[in-house]
Amino acid sequence: MFHAAAIYKDYMSDPRPMYEVNLSGTVHVLEAARRAAVERVVYTASIVALGRPTPGQLGNEETAYEAWTSIFLTAAASG
């Protein structure tokens, strides 16, 4: 089973729908796979799971996605 569905946006003024779809949706997919005795689920994440590396570098699961930080700082400053 492949799971590639998600809401992907760099910014949402209310991020709750993104968490609801992405987190709860994944839980539902995994539960359905368990009930159907699916042996393997392949999950595909968005760029938010893998951050943007510095130019010339390779990213991996430890590369931070810095856009959220700058978005939240901008929103906090404008207030």
Side-chain angles (χ1 to χ4, degrees):
M1 173 183 292
F2 289 86
H3 173 38
I7 293 177
Y8 165 69
K9 294 185 180 243
D10 279 340
Y11 172 76
M12 291 178 72
S13 60
D14 179 4
R16 288 177 292 185
M18 189 181 329
Y19 285 108
E20 181 63 28
V21 168
N22 297 349
L23 181 59
S24 298
T26 299
V27 169
H28 293 303
V29 166
L30 293 174
E31 178 59 20
R34 184 189 68 80
R35 289 182 183 190
V38 172
E39 291 185 21
R40 183 176 296 167
V41 175
V42 176
Y43 173 81
T44 304
S46 71
I47 191 169
V48 178
L50 283 181
R52 292 182 262 193
T54 18
Q57 300 296 312
L58 296 176
N60 62 32
E61 64 276 359
E62 295 178 5
T63 306
Y65 183 73
E66 78 294 335
W68 284 111
T69 303
S70 57
I71 288 167
F72 288 129
L73 290 174
T74 302
S78 65

Identified side-chain contact (heavy atoms from CB on, under 4.5 Å) counterpart of Thr26 within the set Leu30, Leu23, Val29: Leu30
Heavy-atom donor-acceptor pair, Thr63 side chain to Asn60 backbone, under 3.5 Å: yes
Salt bridge (Lys or Arg N to Asp or Glu O under 4.0 Å) contacts touching residues 17-26 (sequence neighbours left out): none
Atom of Asn22, atom of Ile7 and distance for their closest heavy-atom approach: OD1-N, 2.8 Å
Pair listing, salt bridge (Lys or Arg N to Asp or Glu O under 4.0 Å) test, anchored in residues 21-33, at least two apart: Glu31-Arg34, Glu31-Arg35
NE2 on His28 to NE2 on His3, rounded to 0.5 Å: 10.5 Å
